[in-house]
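Notes for the one structure printed next.
We count residues from 1, following the sequence as given. Quick caveat: nothing in here was measured; it's all calculated off a predicted structure.
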Amino acid sequence: MLVDSNIERSRHLREHLASWGFAVTVAHDGYSGLRHIMSTWPELIVVDAELKGWSSSVVIDGAVRLGSRAPVIMLTEQGQNTASRSSRRRVIGIIENPNSVSELRAVMMNALSKVSNEGQGAGDNFDIA
């Protein structure tokens, strides 16, 4: 699941994610993102720290309250981190250059390997990569 209000960047990232074999659902605001999370239960959530409408913290906290155990990767500009303290516990990686496809791929693979190695129930708190 990719929740990113930057339409051009989300198109670019979706193309890369799909080329890596991922089925990608994209939402461009927090409300739509949370609705998609509720209906698709993604294995991984990539969220823009600067969402329009509902903030990234609202999306992450809402997903957790609804029962999602998906690890979260946050896209942010360097030095910006708007996630709440409770949301940050779910964030497994922060990409400070949201256009860095190689960094995103490395953090995604790390997140997915942790989930598969530890089991879905063990991923309640992650260390930020």
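The side-chain heavy atoms of V58 and L51, taken from C-beta on, include no pair separated by under 4.5 Å. Looking at T76 and I94, their side chains come closer than 4.5 Å, going by heavy atoms from C-beta outward. For the pair I37/I45, a side-chain contact is recorded, criterion being any heavy-atom separation below 4.5 Å from C-beta on. Between V91 and V47, every side-chain heavy-atom pair lies at or beyond the 4.5 Å cut-off. Using a 4.5 Å heavy-atom threshold, the side chains of H28 and V3 count as separate. Here the side chains of I73 and M108 are in contact, with some heavy-atom distance below 4.5 Å.
Using a distance-only test at 3.5 Å, with no hydrogens or angles considered, no donor-acceptor pair links the side chain of T40 to the main chain of T25. Between the side chain of S100 and the main chain of N97, no donor-acceptor pair closer than 3.5 Å is present.
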Evaluate D48 against L2 for side-chain contact (heavy atoms from CB on, under 4.5 Å), listing each step before the verdict.
CA-CA 8 Å; D48 177 10; L2 174 61; over 6 Å; no
Should S56 and M74 be marked as a side-chain contact (heavy atoms from CB on, under 4.5 Å) after you check the CA-CA gap, both sets of side-chain angles, and the distance that decides it?
CA-CA 8 Å; S56 58; M74 185 168 288; 3.8 Å; yes
Go through L75 and N6 one step at a time and tell me if the side-chain contact (heavy atoms from CB on, under 4.5 Å) criterion holds.
CA-CA 11 Å; L75 304 174; N6 183 318; over 6 Å; no
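Here the OG-NE2 distance, from S102 to H16, works out to 10.0 Å after rounding to the nearest 0.5 Å. In this structure, CE in M1 is found 11.5 Å from CG in L17, a value given to the nearest 0.5 Å. Rounding to the nearest 0.5 angstrom, the gap separating the OG atom in S32 from the CH2 atom in W54 is 9.0 Å. The line from OG of S68 to CD of E43 is 10.5 Å long, rounded to the nearest 0.5 Å.
Note: W20 and F22 have perpendicular aromatic rings, judged against thresholds of 30 and 60 degrees for the angle between ring planes.
Pairs passing the salt bridge (charged side-chain N to carboxylate O under 4.0 Å, His left out) check and including a residue from residues 15-41, sequence neighbours excluded, read R11-E15. Under the salt bridge (charged side-chain N to carboxylate O under 4.0 Å, His left out) criterion, no residue pair touches residues 98-110, with sequence neighbours excluded.
Smallest separation of non-hydrogen atoms from A70 and P42: CB-O, 3.3 Å. For the pair L44 and A111, the tightest heavy-atom approach, listed with the atom from each and the gap, is CD1-CB, 4.0 Å.
For the side-chain contact (heavy atoms from CB on, under 4.5 Å) with V72, the lone residue among V64, I92, I60 that qualifies is I60.
Under the side chain to side chain donor-acceptor pair (under 3.5 Å) criterion, D4 pairs with R9, sequence neighbours left out.
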